[in-house]
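Treat the numbers as computed from the prediction; the structure is a model and nothing was measured.
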Amino acid sequence: MKPTILHIINNLTVRNVPTLIAAACILCALSLTVVRVETGFCKAESLLCIVIPITAMAGGAMSIFKKHRFRFTAVDCIALVWYLYAMGRFWMDGTYPACGFAVRSTLAILLYIAMRMLTASGKRIGGIIVLSLILFSLIEALIGYSQLLSGTSRHHLYPATGSFLNPGPYSAYLAMGLVLLLAVRKTNRSGMLSDILLMTTAVPLALTMSRAAFLAVAVCALILYRKRIGGWRQWSMIVAIAAATGVALYIFKSGSADGRGISNYIGVRCISGNPWLGNGIGSFFHSYAEETALMCRNGITDSLMKVDVIDYAFNDLLLVGVEQGLAGLSLAIALICVMLHRLWNGNRPLFYASLCLLLISIFSYPFELLPYQIVGVIIAAYAGGITRKPSSDAPCETVKDKNNGWRNILNIIPAVFIVVLTSGILSDTVRERRKAEREYTMISGIQNSAFIKDYYGLLPLLEGNKRFLFNFGVTLAKAGRYNDSNEMLRRGTLISNDPMFLVLQGNNFRDMEAYDEAEAMYLKAWHTMPNRIYPLYQMMKLYQKENNRKKMAEYAEKVISFKEKVPSPAVRDMKREALEIIKENKYENNLSLIHI
């Protein structure tokens, strides 16, 4: 009995320790993907700054103990070059505030390095990642069920959003988990348990009504079960069903689909401004607004009536193309292709999971959010070292280096030191910015001049927060500091396509009696978003103040004839006021004719 117990203990404590440590670190990192997502820096970034150095130290220690010497692979080289290129663009052009991008990109490359060292020292790493992703997708599904039953969704229009703010990115996580379950079920031929897990994930996914997620799951399922589809008749039936379903989904949410289509078209036009190097990190929303205004000035207004204020690019590759140009886009596509090729040869479930997220990213914004950045980095780190066929689930590409242990130590220790040191610096940065955001929430909405000094104190840390800049601009305007207000609002136009930043600048110029500048701002606001009535209304009021009756009547007619997307009491009041102006103008014209 004693030798058997000792044998089991020996296996657990010696042979499987690297794998157990690797599994623990992977679980810790992926657990951050189900932390509640916020608009700015959140708790997950702070925890990630702790997980990364621990993972790096664990991976480094195991690599030294097992005498592994790393070889750079194609994935490593492309990922490093892309990071250096993106950071180079960030430092070279400081026009746009993009500190959030720099922090998250650096966290991503540090996590990649840590995971590469970690996955080199354990076996069955691919299987651990697959099972971990399935586990957390089920946790997200359970969060959705809880929200559905308790009515605690994070979006008032949708019954369940998981740990996300809306159902779009939530559906991506569920779709990834569903595809992984399908792949595992096909490989292992599991029974009732896998069917239960599939249904557990599929039901909340159906509730999200995400067409991108449905499409991604369908494409992955077709590739997964392609060999079971025999003959042209079955393929014809599948194509017909897919076409009918696509038409039905388009009709159901045609407005959203049309909006995404015109947004992508505007994004493609933005790339033409600086095709090779891009318009700069953080420039997407400003470029989007400028291109929309240019199209409107050129008479392309009907297509722009579905344009709206956006918080995300809704196409991750397009975002890279606009900000980093064809150079950055080429690196991104190259990394994707090499990753998918290696995953196809090394771990099919992770291949399907990656393909699912990539397909969704064409129509949505998963990789703009931290959870999917973590998932993508971990899968990329694993793919960076796959060397064998799927049956072996090979660890990362390393070589035993028994004769050069000291050289191995001298290579690994500096890398671990850099990761730990940089993570500490980033942890301080994240902590400061989270503290600034908490302080801002205490004064947001209170537009009192007594808080102007507090706003200026928070400005260096929150210059990338459009709500902060908007409230700061309004507070300064109410204090009569119109030029300072316009400076904050101008900064807001660099990170948002919301025309209200331009309208409020116009109001400031109007109050300073700089009517020409006010007119230019109102007109640009309307060109930026021609489906908004408010800029036209302010133009009408401006000409009324100038006593320019001809222009006032012209814009009053535009206000009355404006076809709003959603009727509201505010719009009815503006149209009623415009109608009164037209009646009054006609009455005064008739009086002048009588006198003549």
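Annotation for His341: atom NE2 does not count as buried by contact number, only 12 or fewer foreign heavy atoms lying within 6.0 Å. Within 6.0 Å of OH in Tyr225 there are more than 12 heavy atoms belonging to other residues, nucleotides or ligands.
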>> Using side-chain hydrogen bond (donor to acceptor under 3.5 Å, both in side chains), reason through Thr33 and Tyr173 one step at a time and then give a plain yes or no.
In response: CA-CA 9 Å; Thr33 63; Tyr173 213 120; 2.7 Å; yes
> What do the steps show when you test Arg490 against Glu487 for salt bridge (Lys or Arg N to Asp or Glu O under 4.0 Å), and what is the final call?
Replying inline: CA-CA 5 Å; Arg490 183 197 66 80; Glu487 172 59 21; 2.9 Å; yes
>> Walk me through whether Phe472 and Tyr440 qualify under ring pair (Phe, Tyr, Trp, His ring centres under 6.0 Å).
In response: CA-CA 10 Å; Phe472 193 8; Tyr440 164 60; 9.8 Å; no
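Cation-pi check for Arg348 over Trp344 is met; the charged atom lies under 6.0 angstrom from the ring centroid and within 45 degrees of its normal.
Looking only at atom types and distance, the side chain of Asp76 has a donor-acceptor partner in the side chain of Tyr112 under 3.5 Å away. Judged by distance alone, the side chains of Tyr83 and Thr106 do bring a donor and an acceptor atom under 3.5 Å apart. Thr161 and Asn166 form no side-chain donor-acceptor contact under 3.5 Å, judged by distance and modelled atom types alone. Side-chain contact, Thr95 with Asp93: a donor N or O sits under 3.5 Å from an acceptor N or O. A donor atom on one side chain and an acceptor atom on the other are not found under 3.5 Å apart for Arg431 and Ser46.
In plain terms, the two heavy atoms of Ile125 and Tyr382 that are nearest each other are CG2-CD1, 4.1 Å. The minimum heavy-atom distance linking Gly328 with Trp82 is given by the pair O-NE1, 3.8 Å.
Listed for the Arg433 side chain is no donor-acceptor partner under 3.5 Å among the backbone atoms of Phe41.
For Phe501 and Phe470, the distance between ring centers is under 6.0 angstrom.
Arg154 places none of its side-chain heavy atoms less than 4.5 Å from the side chain of Phe164.
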